[in-house]
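FYI, the numbering just counts along the sequence from 1.
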Amino acid sequence: MKFKNILSICIAAAMVVPAIGHAAFGQSSNSLINIHVSQNVPTVNYWARGSTKVGFTGTALLPRAEGEAKVSSAKGSLQIEGDFKGLDAPTNFGPEYLVYVLWAITPEGRASNLGQIFVKNEKSKVSVTTKLQTFGMMVTAEPYFAVSFPSQKVVMVNTVLKNTKGTVAEVNANLELLQRGDYSDATFHGYTMQKNVPLDLYQARNAVRIAKMEGAAKYAPGALSKAQQALNQAEDYQTRKQKNSIPTVARQAVQAAEDARSIAVKREQQEKIAAQQAASQQAQQASAQQAQQAQEAQAQAQEQAAHETQQRIAADQAAARASEARAAAQQAAQQAGAQAQSAQAAAAKAVAEREALRQRLLAQFNRVLPTTDTPRGLVVNMGDVLFSIAKADLKSPAQIALARLSGILASYPSLHLSIEGYTDSTGTAAFNQTLSEKRADAVQTYLASQGVPMGSMTATGLGPSNPVADNSTAAGRQKNRRVEIVISGEVIGSKIGTAAAPAPSGN
């Protein structure tokens with residue numbers, strides 16, 4: 001498919017070669033050179049399938065650089081495999097530049113760091129992926145691999161080949177509108193490069209000092225401390241000649257330093273904006289205060305002119321208002337007292353009614369089964385004799401008693417029943433737990449069949465926990481084999497409760 005349009009991107013770059021910078025890297029000094037590059041850079045919309053190739057040409061900063069990249073689809077991403085040559089040492093562009101980075105530029109002018117380009121004997125290969133679909137590519141010299149935006153040192157841009165497949169975006173973007181990195185500083189001196197020191201360590205040193213230069217010590221001390229610690233670890237590995245351990249911690253230091261630098265830049269900008277807003281607010285407040293003072297002075301002058309008349313009128317009005325206020329206050333106090341008495345009487349009546357109902361229900365339940373009044377509510381006790389031996393089958397007396405109990409409960413639908421099954425300590429824990437659950441479920445099922453809403457009941461098996469008698473005697477064990485129905489609710493002054501917490505069983 002042929003290209004219909006080419007995205008015009010104007011690249012303006014200045015290559016400054018200070019004598020002190022090259023001397024630090026063991027190179028000869030050169031004159032100051034200012035170069036401005038203007039070139040069309042195609043932004044390709046790559047196919048979702050298949051692969052294609054694009055070329056790379058050097059800019060005026062590095063005219064002999066060239067290369068080629070294969071772009072192919074790979075599991076929802078685009079795989080970019082580049083092959084470049086003619087790349088000089090990045091330090092030629094200034095002491096702060098140590099690596100080359102490959103960038104993707106969208107038609108909207110957003111730059112995405114695709115990764116570091118490793119150079120050996122002026123040649124390099126790179127293999128990276130991106131989720132972008134439409135983009136152009138360029139190569140810049142950078143102080144470290146993890147920079148967030150490209151520097152001014154653009155050395156190569158992609159070009160369209162005759163056999164390139166894809167389409168071109170119809171949007172013009174100016175690269176000069178991108179956020180650009182500027183690392184020049186009068187105190188920024190180069191390193192004396194040593195062969196036994198890995199490039200990753202130099203990048204880490206660069207990243208940390210750039211973060212400090214951007215104010216990270218003030219605005220992002222935590223992130224900077226993390227970067228400094230990683231750098232110190234890398235320096236320690238270098239001292240102890242543990243070369244295999246250096247790259248990992250050095251790259252961690254680079255990333256942490258870039259985070260610190262980004263945070264510092266944002267916070268410094270926010271601080272400036274806040275200071276401007278505060279200054280503006282103070283000016284507005286001062287102006288408003290002056291206007292208010294002028295108004296007050298004018299009012300005082302007018303008031304002084306009619307002082308005697310206004311004083312008499314004000315005194316009469318104040319006396320009238322005070323009298324009205326006293327009357328209103330007395331009336332309000334009387335009303336508040338009456339309301340408080342009414343509320344107290346209503347509260348006392350409600351408490352009395354709840355207590356009366358509680359005692360009435362206690363008496364009614366006791367006529368059916370033994371019932372006790374507890375802080376949890378009214379506890380109806382179904383003894384072991386109401387069940388078949390070691391089973392959950394309800395005997396006839398139990399069914400009659402539960403039917404009578406459901407008849408009483410029908411008049412109070414807001415009550416809640418917590419049905420808790422218990423056993424003695426004989427037998428296995430698993431058997432006792434299962435038996436207690438089945439007995440509680442049997443009581444719940446029978447009450448539901450008698451019209452008690454299932455939603456107002458919970459059934460829980462608690463096994464041998466919470467014994468009410470000594471498990472070492474037959475009489476005590478019989479008392480512990482029981483089902484308790486805990487009846488609670490606001491209508492009888494008890495909050496709806498849950499199953500009793502398990503406690504150590506008796507022996």
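Between the side chains of E437 and Q433, at least one donor-acceptor pair of N or O atoms lies under 3.5 Å. Between the side chains of E258 and S148, a donor-acceptor pair is found at a separation under 3.5 Å.
For the pair L132 and L78, the tightest heavy-atom approach, listed with the atom from each and the gap, is O-CD1, 3.3 Å. Taking both residues in full, the closest heavy atoms of F56 and A69 are given as CE1-CB, 3.7 Å, listed atom of the first, atom of the second, then distance. Minimum interatomic distance between S77 and K131 (heavy atoms only, all atoms of both residues): OG-NZ, 3.1 Å. Closest non-hydrogen pair, L224 versus A260, comes out as N-CB, 3.6 Å. Between I246 and A234 the shortest heavy-atom distance is CG1-O, 4.1 Å. Pairing each heavy atom of E235 with each of R205, the nearest pair is OE2-NE, 2.7 Å.
For the atom pair CE (M457) and CG (D441), the distance works out to 10.5 Å, reported to the nearest 0.5 Å. Going from atom NZ of K266 over to atom CZ of R261 covers 9.0 Å, rounded to the nearest 0.5 Å. Here N158 contributes atom CG and M138 contributes atom CE; the two are 10.5 Å apart, rounded to the nearest 0.5 Å. Here the OH-CE distance, from Y100 to M156, works out to 8.5 Å after rounding to the nearest 0.5 Å. If you take OG1 on T43 and CD1 on I105, they are separated by 8.5 Å, rounding to the nearest 0.5 Å. Rounding to the nearest 0.5 Å gives a distance of 11.0 Å between CG of L415 and CD of E490.
Between N466 and E420 there is no side-chain heavy-atom pair separated by less than 4.5 Å. Side-chain contact between Q289 and Q293: present, with at least one pair of heavy atoms (C-beta onward) separated by less than 4.5 Å. Side-chain contact between E142 and P90: absent, with no pair of heavy atoms (C-beta onward) separated by less than 4.5 Å. The shortest side-chain heavy-atom distance between P107 and T134 falls under the 4.5 Å cut-off. Side-chain contact between Y237 and L201: absent, with no pair of heavy atoms (C-beta onward) separated by less than 4.5 Å. At a threshold of 4.5 Å between non-hydrogen side-chain atoms, the residues Q116 and L199 count as touching. With contacts defined as side-chain heavy-atom distances shorter than 4.5 Å, the pair S418/E484 does not qualify. F93 has its side chain out of reach of T140: every pair of non-hydrogen atoms, C-beta onward, lies at least 4.5 Å apart.
No donor-acceptor distance shorter than 3.5 angstrom exists from the side chain of Q79 to the backbone of S127, with no hydrogens or angles considered. Formation of a donor-acceptor pair under 3.5 Å by the T423 side chain with backbone atoms of S436 is not found in this model. Side-chain atoms of Q252 do not come within 3.5 Å of backbone N or O of K226 as any donor-acceptor pair. Side-chain atoms of S225 never come within 3.5 Å of backbone atoms of P221 as a donor-acceptor pair (strictly under, hydrogens ignored). Panel note: side chain S488, backbone G377; no donor-acceptor pair is recorded below 3.5 Å. A donor-acceptor pair under 3.5 Å is absent between the side-chain atoms of Y144 and the main chain of V208, judged by distance alone. Judged purely by atom type and a 3.5 angstrom limit, N113 uses its side chain to pair as donor or acceptor with the backbone of F145. S287 places no side-chain N or O within 3.5 Å of a backbone atom of A283 that could act as its donor or acceptor partner. At distances below 3.5 Å, not a single donor-acceptor pair connects side-chain atoms of N206 with backbone N or O atoms of Y202.
Surrounding CG of N121 are at most 12 heavy atoms belonging to other residues, nucleotides or ligands under 6.0 Å away. Heavy-atom neighbours of E308 CD from other residues, nucleotides or ligands within 6.0 Å: at or below the threshold of 12.
Taking the charged nitrogens against the carboxylate oxygens, E66 and K85 do have a contact shorter than 4.0 Å, which makes a salt bridge. Checked for salt-bridge contact, R321 and E324 miss the test: no charged N lies under 4.0 Å from a carboxylate O. One finds no salt bridge joining K218 and E268 here, because no Lys/Arg side-chain nitrogen approaches an Asp/Glu carboxylate oxygen to under 4.0 Å.
M137 pairs with exactly one of T130, T159, I80 by the side chain to side chain contact (heavy atoms under 4.5 Å, CB included) rule, that one being I80.
The side-chain hydrogen bond (donor to acceptor under 3.5 Å, both in side chains) contacts involving residues 240-250 comprise D236-R240, where partners must be two or more places apart or lie in separate chains.
In this view, D200 and R251 satisfy the salt bridge (charged side-chain N to carboxylate O under 4.0 Å, His left out) rule, not counting sequence neighbours.
Below 30°, between 30° and 60°, or above 60°: for F135 and Y46 the angle between ring planes is between 30° and 60°, a tilted geometry.
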Worked check of side-chain contact (heavy atoms from CB on, under 4.5 Å) between I117 and V99: CA-CA 7 Å; I117 297 176; V99 297; over 6 Å; no
Taking it one step at a time, do Q285 and Q281 satisfy side-chain contact (heavy atoms from CB on, under 4.5 Å)? CA-CA 6 Å; Q285 291 175 348; Q281 185 176 6; 3.5 Å; yes
Trace of the side-chain contact (heavy atoms from CB on, under 4.5 Å) decision for Q228 with K212: CA-CA 10 Å; Q228 187 65 58; K212 292 178 179 178; 3.2 Å; yes
Legend entry - Worked check of side-chain contact (heavy atoms from CB on, under 4.5 Å) between K70 and D83: CA-CA 9 Å; K70 179 182 178 182; D83 189 356; over 6 Å; no
